[in-house]
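Numbers here simply count residues along the sequence, with the first being 1.
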Amino acid sequence: ALAGTGDARGATRELGAALRRARALGDAPATAAALLELAQCRHLDPAAAAAHLEAAIVLSREHGLARTELRALWLRAAVHVEAGEFEAADAAADVAERALAALGGDEMARLGLQIVRSMRARRVGALEQAIEGFAAAAAEAEAASAWERAWEARVGLARVRLASGDPAGAWEALAPALERWEGGPEGPTPAWVALAQTGVEAANGLGDVDEAARLARLAARLAPGPISDYADALVVLGRGGRPPVGRLEGAAAALERTGRRPEAARMRMVGAEALARLAGGEDEAAELAAGALRAHREMGGEDWARRAEGLLRRLGRRAPTRRSGALREGLTPREVEVLGLVAEGLSNRAVAERLVISEATAARHVFNLFGKLGVHTRAQAARIYAERGLGREPEAAGPAGEIDRRP
């Protein structure tokens with residue numbers, strides 16, 4: 001109830017007390033439930049949320065709490081997406097899919113997984129896939145009166161529409177959720193914060209600054225801090241003014257420090273595009289776009305990186321070069337090494353063991369190189385590795401300009 005009214009601190013305090021009591025009693029189901037609720041109350045801190053969810057997964061497995069484990073698994077996948085760990089998100093979602101099949105179905109978990117997959121698609125720029133997934137999830141969730149899932153899906157759909165340059169479509173996606181709000185939140189804080197934030201973006205895009213300001217006030221009440229600062233800055237821009245220099249970057253950087261790197265990059269890009277339309281805002285817009293570009297490149301979001309590059313070109317700026325060490329096909333040395341092991345037929349776990357890295361890190365490398373090569377299976381990647389000779393060092397020119405073919 002406290003979380004639903006926006007009091008995340010009070011909710012965390014009460015859940016912490018419940019968790020200690022449940023552990024003292026040896027009540028495994030109550031302990032797991034408290035861990036799950038704590039994870040959702042701490043959604044702005046992915047590392048803390050992940051720790052609660054991992055504990056819930058371990059406890060659920062120990063005590064045979066299959067449905068609780070399933071819920072923790074798909075929430076864990078969502079946390080990975082919010083942290084920009086897309087390969088780890090895929091791995092967690094795959095485990096959740098298998099658990100869902102073993103249980104014979106769970107409608108809420110299935111919807112949650114569908115939303116997570118759509119979130120992941122949006123974060124890497126696969127907009128058509130994201131639109132299809134979010135729209136279907138929203139319709140199914142509303143039919144089942146699963147409002148939390150419905151709001152998540154509608155916010156995701158609205159953000160895809162905004163990214164596609166369609167603020168009217170974004171507002172249409174948000175309208176059913178906004179209509180249910182009559183003076184205050186009546187659902188989980190994360191869903192309402194995202195709804196308010198996205199509503200500000202959509203209303204600004206439509207030129208309805210008064211509505212944007214109203215939703216910014218809601219965001220300030222639910223999530224004072226970086227998201228509120230960001231929303232306020234957008235309202236100022238919507239009115240044709242200029243927020244204090246550095247306000248948008250400060251909000252994005254503060255959110256990034258919590259581990260929510262993809263959302264911070266998105267905020268930088270939205271802010272950059274708004275500032276680029278303001279006379280005298282070009283320099284700050286370029287700085288924001290360059291920050292978004294670096295983040296998207298490092299996370300493997302090539303579609304979003306190209307969008308940032310395009311904005312920098314329109315601003316007359318040169319896009320930052322990729323880090324030295326990038327090889328043919330745009331792969332880093334480590335990605336080429338991982339690709340060679342994939343071509344040998346090694347699993348992500350085996351790759352991790354060979355390179356002495358975590359399995360999540362190995363999965364992240366595999367995901368990144370798949371995106372750069374434009375493939376979807378390990379067999380396709382192995383074929384490209386063989387056909388293009390990605391494992392061979394580039395041939396060097398000898399002193400007479402001839403090719404040096406020494407081993």
Tell me whether D208 is salt-bridged to R214, with the criterion being a basic N under 4.0 Å from an acidic carboxylate O. no
Side chain proximity check, R123 to F86, heavy atoms < 4.5 angstrom: yes
Closest approach of A362 to V351 (non-hydrogen atoms, all atoms of both residues): CB-CG1, 4.1 Å
Yes or no on side-chain hydrogen bond (donor to acceptor under 3.5 Å, both in side chains) for R159 and T198, after CA distance, side-chain angles and deciding distance? CA-CA 7 Å; R159 289 182 174 180; T198 310; 2.9 Å; yes
Can you tell which of H365, R378, E87 makes a side-chain hydrogen bond (donor to acceptor under 3.5 Å, both in side chains) with N348? R378
Does A163 offer a backbone N or O that forms a donor-acceptor pair with the side chain of R307 under 3.5 Å? yes
Heavy-atom neighbours of E142 CD exceed 12 at 6.0 Å: yes
side-chain contact (heavy atoms from CB on, under 4.5 Å) evaluation trace for E62 with L59: CA-CA 5 Å; E62 288 176 351; L59 186 67; 4.1 Å; yes
Do R268 and E263 make a side-chain contact, defined as non-hydrogen atoms from C-beta onward lying under 4.5 Å apart? no
To the nearest 0.5 Å, atom CG of L178 lies from atom CG of L215 at 6.0 Å
Can you name the closest pair of heavy atoms from A32 and S60 and give their distance? CB-OG, 4.2 Å
Does the pair R297/E309 count as a salt bridge with the N-to-O cut at 4.0 Å? yes
Between R317 and L315, is there a donor-acceptor pair closer than 3.5 Å when you use the side chain of the first and the backbone of the second? yes
Shortest non-hydrogen separation from R154 to A138 and the atoms involved: CG-CB, 4.0 Å
side-chain contact (heavy atoms from CB on, under 4.5 Å) between E211 and W171, worked out: CA-CA 11 Å; E211 182 65 10; W171 189 260; 3.3 Å; yes
Give the C-alpha distance, both sets of side-chain angles, the deciding distance and a yes or no for side-chain contact (heavy atoms from CB on, under 4.5 Å) between F370 and Q380. CA-CA 9 Å; F370 273 28; Q380 291 171 339; over 6 Å; no
Heavy-atom check, side chain of R261 versus side chain of H296, under 4.5 Å: no
Hey, does D27 have a side-chain heavy atom less than 4.5 Å from the side chain of P29? yes
R354 versus E344: any side-chain heavy-atom pair under 4.5 Å? yes
Taking the side chain from E284 and the backbone from G246, do they hold a donor-acceptor pair closer than 3.5 Å? yes
Side-chain ion pair, E282 and R277, N-O less than 4.0 Å: no
Within-4.5 Å side-chain heavy-atom neighbours: Q40 and H52: no
E97 side, atom CD; R110 side, atom CZ - distance, nearest 0.5 Å: 9.5 Å
Would the distance check show the side chain of R23 and the main-chain N or O of A18 forming a donor-acceptor pair, the cut-off being under 3.5 Å? no
Give me the atom names and distance for the closest heavy-atom approach of L100 to L113. CD2-CD1, 4.2 Å
Do any N or O atoms from the side chain of N204 and from the backbone of L234 form a donor-acceptor pair under 3.5 angstrom? yes
CA sep, side-chain torsions, deciding dist, call: D210, R239, side-chain contact (heavy atoms from CB on, under 4.5 Å): CA-CA 9 Å; D210 289 340; R239 295 188 187 281; 4.0 Å; yes
CG of L341 to CG of L346, rounded to nearest 0.5 Å, is 5.5 Å
Measure the CD-CD distance between E14 and E37 for me, rounded to the nearest 0.5 Å. 13.5 Å
Measuring from atom CD of E152 to atom CG of L111, what distance do you get when rounded to the nearest 0.5 angstrom? 10.0 Å
I would like to know whether Y230 and E201 meet side-chain hydrogen bond (donor to acceptor under 3.5 Å, both in side chains); could you show each step before the answer? CA-CA 10 Å; Y230 164 78; E201 296 167 352; 2.5 Å; yes
Answer yes or no: is there an ion pair linking R161 with E172, defined by an N-O contact shorter than 4.0 Å? no
Closest heavy-atom contact between A343 and A382? CA-CB, 3.7 Å
D229 versus R247: any side-chain heavy-atom pair under 4.5 Å? yes
Smallest heavy-atom separation, M119 atom then A78 atom, equals CE-O, 4.2 Å
Going by heavy atoms in the side chains, are R122 and Q129 under 4.5 Å from each other? no
Distance col, row E69:CD vs L53:CG, nearest 0.5 angstrom, shows 12.0 Å
